[in-house]
Amino acid sequence: MTDSAKPTLLVVDGHSLAYRAFFALPVDNFSTKDGQHTNGIYGFLSMFVNLVKAEKPTHLAVAFDTSRQSFRTREYAEYKANRSESPAEFKGQIPLLQECLQAMNVRVLTKEDVEADDILATLATQGAALGYDVLVCSGDRDTIQLVTDDVTLLYPNVQGVSQLKRYTPDAVVEKYGLPPEKYPDIAALVGETSDNLPGVPKVGEKTAVKWLTQYGSLDELLTRADEIKGVVGGNLREHIDGVRRNRALNTLLRDVELEVGPADLEVQPIDPEAVRDIFSRLEFRTLLPRVFDAMGADPAETPARPGATAPTATEPDPAQLAAWVAAAGGEVGVTLVLQGGLPVRIGLATADAAVETAWTEEAAAALRPWLEGDAPKVLTDAKPQVKALRRAGAHLGGLAFDTLLAGWLLRPSLPDKNLADLVGRYLDETLPEADPTQLVPETEGATPGQLSWYTLRVAAALRAELPESVAGVLADIELPTLDTLADMELAGVAVSHEKLSTFSAELAARADAIAQQAYATIEREVNLGSPKQLQEVLFDQLQLPKTRKTKTGYSTDAAVLADLQETNPHPFLDLLLQHREAMKLRQIIESLDVAIAADGRIRTTYLQTGSQTGRLSSTDPNLQNIPIRNEESSRIRAAFEVGAGYETLLTADYSQIEMRIMAHLSGDPGLVEAFNSGEDLHRFVGARVFGVEPADVTPAMRTKVKAMSYGLVYGLSAFGLSKQLRIEQTEAKQLMMEYFARFGAVRDYLRSSVEQARIDGFTETIFGRRRPFPDLSSPNRVLRENAERAALNAPIQGSAADIMKIALFRIHGEFAAEQLASRVLLQIHDELVVEVAPGEWDAVERIVRSRMGDAAELTVPLDVQIGRGADWNEAGH
DNA sequence: TAATCTACGTA
DNA sequence: CGTACGTAGATTAT
């Protein structure tokens with residue numbers, strides 16, 4: 001009980017523990033997709049949060065070495081000289097670890113010319129003198145000398161850093177047979193190979209302890225060294241200078257001048273946003289809640305700041321509600337609580353008041369004029385709410401702001417997915433949420449009215465940060481698109497269960513037959529879906545040459561198998577490829593089949609914040625990756641049919657939209673001419689590159705320039721081009737040179753756009769959508785070059801996405817304005833699928849063609865291809 | 001059971 | 001050593 005009042009100071013040697021973690025965890029298992037290794041950081045932080053959670057220090061610091069040089073190396077040049085350079089994979093991790101600790105508001109201490117352990121020694125000594133309980137955590141055995149009744153050492157076990165052994169004075173005596181202050185004497189005699197401090201040959205711990213016990217002290221032992229008999233006695237006398245030197249060097253400094261003392265190290269609340277940022281960069285997910293938990297980011301302990309208490313929502317009757325919204329004036333936050341896709345409750349808020357009510361017929365009727373009118377409304381994740389209102393027969397008008405969309409536009413790489421995330425990031429507060437694991441939650445969740453109030457405040461914070469151009473993208477592109485997507489999702493697309501199930505059964509039978517044949521060729525049965533078992537078959541049993549390395553072994557992907565088939569033909573390879581193809585198709589068909597609703601339609605969800613470039617993504621099921629490339633897949637597309645009550649499907653796609661954007665942005669005269677000439681793009685480019693007439697461009701030439709043109713948009717290298725075209729790198733290089741000799745402005749544009757992004761820190765589309773690229777100035781080459789390719793692509797892919805969205809909502813709007821029953825069903829990046837009502841084909845075709853064609857004013861035309869058919873396969877031709 | 005890896009479908 | 005996605009099954013970590 002007396003100890004509860006006593007402050008606890010925890011000081012940690014960051015470098016030594018991170019280094020141990022580095023070796024304890026497999027480096028290959030811990031790296032970001034960009035190639036940054038993180039095993040040392042992860043291992044350290046994992047240990048660190050456990051430690052903090054278990055020990056609950058009141059004061060905390062982590063010390064690091066500044067370099068390998070210190071006063072010890074100056075006094076003894078050989079000190080640690082045998083240490084090999086720490087691995088390159090480890091080096092970069094220390095600054096990132098320090099960044100993590102800073103985000104957690106943990107004091108990071110360094111001092112020129114001394115080692116981290118000297119800082120620990122100084123703080124431990126000062127802390128003990130001030131009456132603290134001191135915990136020292138280090139992987140360096142020399143810190144044993146710091147142990148006293150007030151100072152406990154936590155020392156990692158051999159395995160790694162997860163288990164820490166507690167060294168109290170008793171534990172030291174038990175382990176070494178002498179009290180902690182004598183440990184440096186033992187170490188001086190035994191030596192420390194890792195520090196390049198040789199000890200007395202043939203003297204280990206046992207002998208050292210025996211001597212020290214016998215003579216009482218190291219000094220006494222050394223002065224009476226001649227009393228010791230035998231070889232070891234001689235060894236001792238020969239190495240007396242070395243022992244004295246060891247003893248001098250292994251004494252930790254307890255009087256290092258530091259800018260802070262123990263009292264300055266009080267534990268601070270973490271910076272949640274900074275921690276989220278750095279952890280998401282390092283791709284730590286499971287660690288995040290552990291850090292929040294251990295570092296006391298508990299909502300109960302960090303109450304919302306003063307002035308941030310949500311108003312208590314009142315529950316006016318419907319008539320009062322109508323009066324309330326009429327009087328509200330400015331923007332109103334709106335939150336609909338949904339159940340089964342329908343609204344059950346609605347909460348509204350202004351800056352200082354909140355109201356809410358059950359979604360009854362009376363309430364809906366009272367609110368409808370306001371809800372459907374132009375009065376400005378602010379929501380978080382409006383799309384599901386807009387859909388629910390549609391199902392309930394209402395329409396949301398005046399959508400002025402969606403915080404989720406705005407947050408994504410501002411930081412498209414972040415995983416913020418709900419109001420709670422946004423409140424944390426932009427208000428630095430915690431959204432009150434009921435604990436879903438408790439039947440009777442201790443903490444009340446925010447009510448719908450209060451959620452609306454938070455939404456309004458988040459919106460204000462976002463607006464303050466939103467650059468004008470990005471605000472324009474929100475208002476002029478994203479919000480109109482949201483409304484369109486809601487209708488598309490509600491409509492769904494008719495899919496024939498009969499067609500799918502017939503095909504699925506066929507494929508299952510085929511896959512089975514292929515598998516049997518494959519087993520026969522290798523005379524055993526394996527799981528053809530297991531990369532691990534396949535590696536055994538290919539590289540052990542069949543002794544095929546090893547392929548491209550992956551994290552866990554050797555690749556068995558389609559490209560690799562095709563290569564193997566050429567160099568080392570084996571029937572198994574081809575059968576495996578056929579099996580994969582059949583299984584993949586079957587799997588896609590199955591996932592579609594189970595998604596067909598009772599009315600025969602599939603409804604996807606478009607994620608409007610699902611990409612970093614501005615594209616949509618589609619999920620549950622993904623209707624943006626339905627196969628098209630081979631013969632078989634046309635049968636899948638044929639299952640997407642025109643629905644009952646409609647006449648036909650229309651498909652409309654932009655041809656080469658990304659190359660057209662490139663022509664526009666670069667202003668390259670050759671490329672612009674190509675698109676204005678009406679000639680086939682690749683034929684035109686091929687003619688220029690190879691110096692022949694367009695009519696004389698061979699298919700091989702066309703293939704090459706086509707790959708080159710598309711590759712450009714992705715930052716393709718000569719290496720990549722040679723691999724894709726299966727040509728020599730020199731030929732690929734030659735091709736690129738010829739290409740740029742004719743279309744030089746393209747290269748100039750790509751280069752300058754990346755350079756501009758490096759200066760600005762972000763890229764921008766034609767319409768002002770931004771994407772940040774902090775890694776463009778990273779010293780890490782892998783990181784930087786990855787960012788460069790992404791930055792090169794972002795304005796092009798993003799502008800295409802902008803153009804398609806603009807076309808999409810304008811088409812949607814025009815269908816409504818002309819009171820057409822036809823409706824857009826699908827968007828696949830550069831293609832739209834429209835369900836055309838009887839008698840509306842001409843109007844629909846006109847609208848789609850013109851709105852897609854004039855969605856943007858470029859220096860080259862936007863070419864639109866239209867197809868018509870009873871199913872998606874037919875319409876796509 | 002949850003996270004990760006490999007493979008593969010689309011633009 | 002080519003951008004942007006989502007999904008499934010196997011494997012590994014917990």
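All chains are named by letter (A, B, ...) in the order of the sequence lines, taking the proteins before the strands, and each is independently numbered beginning at 1. Hydrogens, waters and symmetry mates are skipped; everything else that's a heavy atom, side chains included, is used.
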Taking only side-chain N and O atoms of [X], does any of them lie within less than 4.0 angstrom of OP1 or OP2 on [N]?
X: A/Lys532; N: C/dT12; result: yes
X: A/Asn793; N: C/dG2; result: no
X: A/Thr550; N: B/dT6; result: yes
X: A/Arg789; N: C/dC1; result: no
X: A/Ser618; N: B/dT10; result: no
X: A/Thr619; N: C/dC5; result: no
X: A/Arg615; N: B/dT10; result: no
X: A/Ser591; N: C/dT7; result: no

So which nucleotide from [options] ends up closest to the side chain of [X]?
X: A/Thr556; options: B/dT10, B/dA11, B/dA7; result: B/dA7
X: A/Lys584; options: B/dG9, B/dA11, C/dA4; result: B/dG9
X: A/Arg580; options: B/dC8, C/dA10, B/dC5; result: B/dC8
X: A/Ile828; options: B/dA11, C/dG2, B/dG9; result: B/dA11
X: A/Leu607; options: C/dG6, C/dG2, C/dT11; result: C/dG6
X: A/Ala558; options: C/dG2, B/dC8, B/dT10; result: B/dC8
X: A/Pro531; options: C/dG6, C/dG2, C/dA10; result: C/dA10
X: A/Tyr714; options: C/dT3, C/dA4, B/dC5; result: C/dT3
X: A/Phe719; options: C/dC1, B/dC5, C/dG6; result: C/dC1
X: A/Ser617; options: C/dG2, C/dG6, C/dA4; result: C/dG6

Self-check item: Heavy-atom donor-acceptor pair, A/Gln624 side-chain to C/dG6 base, under 3.5 Å
Solution: no
Quiz item: Could one point to a donor on the side chain of A/Asn625 or the base of B/dG9 with an acceptor on the other under 3.5 Å away?
Solution: yes
Once you round it to whole Å, what is the distance between [atom2] of [N] and [atom1] of [X]?
X: A/Ile628; N: B/dA11; atom1: CD1; atom2: P; value: 5 Å
X: A/Leu528; N: B/dC8; atom1: CG; atom2: P; value: 13 Å
X: A/Asp653; N: B/dT10; atom1: CG; atom2: C1'; value: 13 Å
X: A/Ile589; N: B/dT10; atom1: CD1; atom2: P; value: 13 Å
X: A/Leu792; N: C/dA4; atom1: CG; atom2: P; value: 11 Å
X: A/Arg637; N: B/dA11; atom1: CZ; atom2: P; value: 6 Å
X: A/Glu632; N: B/dC8; atom1: CD; atom2: P; value: 16 Å
X: A/Asn630; N: B/dC8; atom1: CG; atom2: C1'; value: 12 Å

Answer yes or no: is there an ion pair linking [X] with [Y], defined by an N-O contact shorter than 4.0 Å?
X: A/Glu755; Y: A/Arg758; answer: yes
X: A/Glu566; Y: A/Arg726; answer: yes
X: A/Glu489; Y: A/Lys383; answer: yes
X: A/Asp381; Y: A/Lys417; answer: no
X: A/Arg769; Y: A/Glu478; answer: yes
X: A/Glu632; Y: A/Lys584; answer: no

Quiz item: Are the aromatic ring centres of A/Phe284 and A/Tyr42 under 6.0 angstrom apart?
Solution: yes
Base, sugar-phosphate alone, or nothing: which one does [X] contact when heavy atoms must sit under 4.0 Å apart?
X: A/Glu785; result: nothing
X: A/Ile626; result: sugar-phosphate
X: A/Gln797; result: base
X: A/Arg771; result: sugar-phosphate

Exercise. Could you tell me how the ring of A/Phe44 sits relative to the ring of A/Phe48: parallel (under 30°), tilted (30 to 60°) or perpendicular (over 60°)?
Key: parallel
Quiz item: Taking any strand in view, what nucleotide pairs with C/dT11 in a Watson-Crick or G-U wobble way, both distances under 3.5 Å?
Solution: B/dA3
Practice problem: Using both distances under 3.5 Å as the test, list the Watson-Crick or G-U wobble partner of C/dG6, or none. | Solution: B/dC8
